[in-house]
Novice: 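Sharing a structure here in structure tokens format.
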Amino acid sequence: MSDRESTLSDLLHETRVFPPPAGLAAGANVTAEAFEAAGRDRLAFWERAAERLSWAGRWERVLDWQPPFAHWFPSGKLNVAYNCLDRHVEAGHGERVALRWEGEPGDSRTITYRALCDEVCQAANLLLELGARAGERVAIYLPMIPEAVVAMLACARIGAPHTVVFGGFSAEALRTRIEDCDARVVITADGGYRRGAASPLKASVDAAVRDCPGVRHVLVVRRTGQTIDWDGSRDLWWHEQVGRQSREHTPEAFESDHPLFILYTSGTTGKPKGILHTTGGYLTLVAWTHWAVFDLKPETDVYWCTADIGWVTGHSYIVYGPLANGASSMMYEGTPDTPHKGRWWELVEKNRVSIIYTAPTAIRTCMKWGDEIPEQFDLSSLRLLGSVGEPINPEAWMWYRENIGGGRCPIVDTWWQTETGGILISPLPGVHTCKPGSASRPLPGISAEIYDDAERVLPRKDAAGYLVLTEPWPGMIRTIWGDDDRYREVYWSRFPGVYFAGDGAKWDSDGDIWLLGRVDDVMNISGHRISTIEVESSLVSHPDVAEAAVVGSPDPTTGQAIVAFVIPRGSARTDAEGERFARDLRDHVASEIGPIAKPKQILVVAELPKTRSGKIMRRLLRDVASNRELGDVTTLTDSSVMDLIKEKLPTAA
Ligand code: 6R9
């Protein structure tokens, strides 16, 4: 045990620290004193956070905990759409911009809180006219256009849980989700713009609902104007139907535990899990965390979360959190390199974005494209940067800080999951000293611990193991849709009585948390536990490496051997140069971490296989590295990547 701990603490030797900028700390939404006080009484803290929202009926108590099922604010009643829209209009902020939307082809829309409220009321009236009712599921399969936000809020307004399916998913993926939650209405578009071209969506819906007799209506937003098939008994144009509805709609208050949405996420088995989130606890968590972690000043900030609404980050930090707080957000439809690789930074300059929230994979892609691209734009409006989705390598963190944040903006590295609903571990920018690669501390009201294999709570100093949450929190997964047993088994059986996150983590000597990747990404080399992320960070810190992914493959001598897939910066190399490059990298890792972390094999590749949400698919890389049959590749952004990678393998490995 102590051997493993000391190995990890030796490996993670990042020592750079960045205290909160004085000006930000002085005016922060959460100050150091407030942070201290907040941590003292968990339930009292969450009760105060709930009071930031507008409730139609007060709760009986804060928490009814019947492990592993939590009911937050039982008997409390509220309407999510009212909290996100009407109450801001009633408070005199109707003319504040809710969304500045930028289309990929260059079109844009500015939508105020009043206009968004009107459109959501119209869409809610339409859904009711189509027979949708509280509790009945609505599937949403849309590109990143304002109607996606309108559709989600219209569902929330009438209490019909939505299931948003990422527009990049196939007809088959859409069908299984519609079927699993028995959705009756589907909201889609003719298509959306991606990489400069109109890509179809409606065709996938047609294929998906062919086998879903329960679907009564398909509502179609016209975005691209491309030709689509039409079924007059079922299909309706959004613009014809929504526009003629009344702008008046009285929101009904729902029970705090009323279902708000189901979001599917992949598990260890083939069948995706429908993560169910409910109303009062979820909105409390996302509103408080969005306000505190991003230090949001709704009157002056322009906030931009680059996620797609098809992922939980889009749900919590494009839609529900920011709108509950009355924020002004930017929303962008397309890809970062269309029509040029500076598009994101051009949008930051144009809209004077002050807070940006993105993913390490995007940051590393921008690193690969080169410093000179963001340099061409005025990024001085930025004051805070966020990261989410996977551990961020210290080198990517430093690049983000220097090249995007101008060396002055704090970076909040936020750890959470689809299941947690919102951010649980993150620095607060006015309180904590940030370290490149560390997600810092659990937020107030969050009880995180690190356990060892034997279920022992590790001391909060120089110790590594499994991240668990020992107390329920508002916004936590309510269950897996239709499968309470699977919910118990996946999250509550590894360590009975506590929530098992599936991530490895470490407390450093200051008591800060470092996420080490999914526990199945931790390798065991000659009895030493080495996290894939540590070796990746070391590789990426080499000046000639743009991106790297590391996996363990079975090895008769050492148990596992480290295999690295590396994308070089700049031009391709000849074979001889490749050999030299691989040797340099091995030496580099050996000197950075130690000889035990030296990759046994280094494969130079042009691309890495990623899920649509941008996570590297290490499972596939492991399969390639161990020469096993490839598993399911349907969620790859580009499945030809695997062929490229396979070509690099020695035939008689
Ligand atoms: C929000 C989101 C959850 C998994 C999670 C972990 C990884 C997310 C992270 C992070 C290290 C961070 N993850 N944020 N790892 N540092 N700041 O991404 O949800 O798609 O469900 O993924 O992502 O492994 O368990 P989701």
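Basis for what follows: all heavy atoms, side chains included, without hydrogens, waters or symmetry-related copies. Indexing begins at 1, ligand by ligand and atom by atom, following the structure's order.
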Novice: Cation-pi check, Arg494 to Tyr466: give yes when NZ or CZ is under 6.0 Å from the six-membered ring centre and within 45° of the ring axis, no otherwise.
Specialist: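 Yes, Arg494 lies over the aromatic ring of Tyr466.
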Novice: Among side-chain atoms of Thr414 and Tyr317, is any donor-acceptor pair under 3.5 angstrom?
Specialist: no
Novice: May I ask you to say whether Arg456 pairs ionically with Glu449, meaning some side-chain N is under 4.0 Å from a carboxylate O?
Specialist: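 No, no charged N to carboxylate O under 4.0 Å.
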Novice: Would you call Arg364 and Glu547 a salt bridge, using N to O less than 4.0 angstrom?
Specialist: yes
Novice: Under the side-chain hydrogen bond (donor to acceptor under 3.5 Å, both in side chains) rule, collect the residues that match up with Trp311, sequence neighbours excluded.
Specialist: none
Novice: Mind jotting down which protein residues get a heavy-atom contact under 4.0 Å with ligand 1? Chain and number order, please.
Specialist: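 Shell around ligand 1 (4.0 Å, heavy atoms): Val312, Thr313, Val388, Gly389, Glu390, Pro391, Asp413, Thr414, Trp415, Trp416, Gln417, Thr418, Asp503, Leu515, Arg518, Lys615.
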Novice: Name the residue from Val388, Leu285, Leu443, Val286 that meets the side-chain contact (heavy atoms from CB on, under 4.5 Å) definition with Ile423.
Specialist: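 When side-chain contact (heavy atoms from CB on, under 4.5 Å) is applied between Ile423 and each of Val388, Leu285, Leu443, Val286, only Leu443 qualifies.
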